[in-house]
2 protein chains.
Amino acid sequence: MNAVTTPAKPAASGVQRIADMLRLVEETVAVTRRVVRCGEAVYQVGQPFGCFYIINSGFFKTVSLSAEGREQVIGLHFRGDWLGLDGISAGHYGGDAVAIDTGEVWAVRYDALLQAALRAPALLTALHEAMSRELVRDHDSLLSLCTLPADARVAGFLRYWADALEQRGLRTDQITLHMTRAEIGNYLGMTLESVSRALSRLARGDVIRFIEKGRRDIHIPKVEALTRFIQHMASPVQAAALH
Amino acid sequence: MNAVTTPAKPAASGVQRIADMLRLVEETVAVTRRVVRCGEAVYQVGQPFGCFYIINSGFFKTVSLSAEGREQVIGLHFRGDWLGLDGISAGHYGGDAVAIDTGEVWAVRYDALLQAALRAPALLTALHEAMSRELVRDHDSLLSLCTLPADARVAGFLRYWADALEQRGLRTDQITLHMTRAEIGNYLGMTLESVSRALSRLARGDVIRFIEKGRRDIHIPKVEALTRFIQHMASPVQAAALH
DNA sequence: CGGGAAATTGATAAGATTCAACTGCAGTGG
DNA sequence: CCACTGCAGTTGAATCTTATCAATTTCCCG
């Protein structure tokens, strides 16, 4: 499952970088492998921080919970991503990390990593890059949420997912969303109905296509068409196309 | 300017923690002090990454720019915050960092910090806590943006600002926003008119008060009133109070 | 198969934006 | 000294996007 295929054009840089990072971690610090089934939590909000969880396979979401019970999908995570980074400062995890498809994570103790980093400084770089990448990604989410209309946010979500798959050497023309419309809507700050309408409009405009017999599998003829769609919606002149 | 006052109740933990961190940095690694005037940039998007900038005084905003020119205020930063953390992974800064009030930053080279951390491991902890805190803060922003109506987001913004000042030992009952309505609106994902209306409603409900002769200075009688207001707006039953 | 969750679609309502007019204040220069 | 200009802010009315409510349809899984 989620095995890295080796296509003709391997988008090598991303795949290689991630594989190298995982090998480095494996060889320099003690890791505890753990299979997480779809729907199970890697950790939960409030639980004392101690480990990072590096994703070896599968798809995960991180969820924040406000004091009053508002729930928010904060991020989506793939092979090579580190989970639990927000736990360092507070001493406990800031939300739940949940598998949205069965996968495997490697638990790495923070103190063990710092120890190991004395012998293998590259470990530190790997940690810092993981944290920095999450910052960049969060900032991107903020930007999309604040500046794009609903339809474009859905398009951006699909493009993000496709990009993530491509960087990991997986096929990107046909993708399976491991999330319900409600989850996607929560992640994008809109209702499930709006997600459904946006997907319908994207399909009507032939930017995406639904694979027969299932609305979770989506065919993306050209990823750049998504980008054009987003730019089109973002421009001040929002012509009422695709109706 | 922005000197740390020493009130009777010093909210010591925060002040102390930040002061300790700054002293640690000062004593263990080479820093280049730099005064940044209001409106000037600490760094700009695309500029090659090399340094973090630790805020010694002043107020700063970080701004992201999309390919098509959409502009988004991502974060607000105060004494003790680290700027430029998102530059590690990409090798260049992900946005601009701009002073919204004259202040001083300490430039610390990343490589120098890693070197120094061999002798003073606490430096690493400081870096990791700074990054982790920014992650937590970003997640909080996402949560507010996606789950709160406009008025509550403005209230949340004021509470965040007041909390940041309190943690730094500054007076929190009367605060000066160093931002225009347009900047606040951009940060909160709404228009400047909506910010203005929200502030007017908060004032009408006596949750805040405007200091006479200036709409940039705001008096907050009780910070907890802001919290109650937010919770009130967040609850499913949004009684149409404060009209 | 059949029950139930997930998704789609339509009609309506609510919240926020847009457009516009107006106020107050600061800086400039006659 | 005061008119003049421009920017920041406020407020109102019309409009638009998205949420909400409701009715079906689809399909997944036991």
*Asks:* Measure from CZ on F210(A) to P on dA6(C) and round the result to the nearest Å.
*Replies:* 17 Å
*Asks:* So does M179(B) get a backbone contact from the side chain of R216(B), meaning a donor-acceptor N/O pair under 3.5 Å?
*Replies:* yes
*Asks:* Just the rounded figure in Å: distance from P of dA8(D) to CD of E183(B).
*Replies:* 9 Å
*Asks:* Take atom CG of N186(A) and atom P of dA6(C), then tell me their distance rounded to the nearest Å.
*Replies:* 14 Å
*Asks:* Starting at atom CZ of R181(A), determine the distance to atom P of dT9(C), rounded to an integer number of angstrom.
*Replies:* 10 Å
*Asks:* Taking only side-chain nitrogens and oxygens of S200(B), does any of them come within less than 4.0 Å of OP1 or OP2 of dT11(D)?
*Replies:* yes
*Asks:* For this output row, return yes or no: ring centroids of H92(A) and F49(A) closer than 6.0 angstrom.
*Replies:* no
*Asks:* Reading DNA chain D from 5' onward, which residue's closest nucleotide shows up sooner: D151(A) or L192(B)?
*Replies:* L192(B)
*Asks:* Round to the nearest Å and state the distance from L177(B) atom CG to dA8(D) atom P.
*Replies:* 15 Å
*Asks:* Let me know the distance between CG of L188(A) and C1' of dA19(D), rounded to the nearest Å.
*Replies:* 15 Å
*Asks:* Which angle, rounded to 10°, do you find between the first-five-pair axis and the last-five-pair axis of the helix from dC1(C)-dG30(D) to dG30(C)-dC1(D)?
*Replies:* 30°
*Asks:* For I211(B) and dC25(C), give me the distance from atom CD1 to atom P, rounded to whole Å.
*Replies:* 15 Å
*Asks:* Side-chain contact test, heavy atoms from C-beta onward, threshold under 4.5 Å: evaluate it for V195(A) versus L199(A) and give yes or no.
*Replies:* yes
*Asks:* Side chain of R216(B) only, please: which of dT10(D), dT17(C), dA8(D) is the nearest?
*Replies:* dA8(D)
*Asks:* Output yes when a side-chain donor or acceptor of S196(A) lies under 3.5 Å from a complementary backbone atom of L192(A), and no otherwise.
*Replies:* no
*Asks:* Reading nucleotides 20-30 of chain D 5' to 3', which nucleotides get B (base under 4.0 Å from a protein heavy atom), which S (sugar-phosphate only), which -?
*Replies:* BB----SSS--
*Asks:* Name the nucleic acid region contacted by L199(A), choosing base, sugar-phosphate or nothing; use a 4.0 angstrom heavy-atom cut-off, strictly under.
*Replies:* nothing
*Asks:* Holding to ring pair (Phe, Tyr, Trp, His ring centres under 6.0 Å), I want the full list of residues that pass it with W82(B), two or more places apart in sequence or in another chain.
*Replies:* F52(B)
*Asks:* Between the main-chain N or O of C38(A) and the side-chain N or O of T102(A), is there a donor-acceptor pair closer than 3.5 Å?
*Replies:* yes
*Asks:* Taking ring pair (Phe, Tyr, Trp, His ring centres under 6.0 Å) as the test, write out the residues that go with F60(B), two or more places apart.
*Replies:* none
*Asks:* Not counting sequence neighbours, list each pair that qualifies as a salt bridge (Lys or Arg N to Asp or Glu O under 4.0 Å) and has a residue in residues 138-160 of chain B.
*Replies:* R137(B)-D140(B), D151(B)-R201(B)
*Asks:* Among all residues two or more places apart in sequence or in another chain, which pass the side-chain hydrogen bond (donor to acceptor under 3.5 Å, both in side chains) test with S64(A)?
*Replies:* none
*Asks:* Tell me the interatomic distance from L148(A), atom CG, to dT18(D), atom P, rounded to whole angstroms.
*Replies:* 11 Å
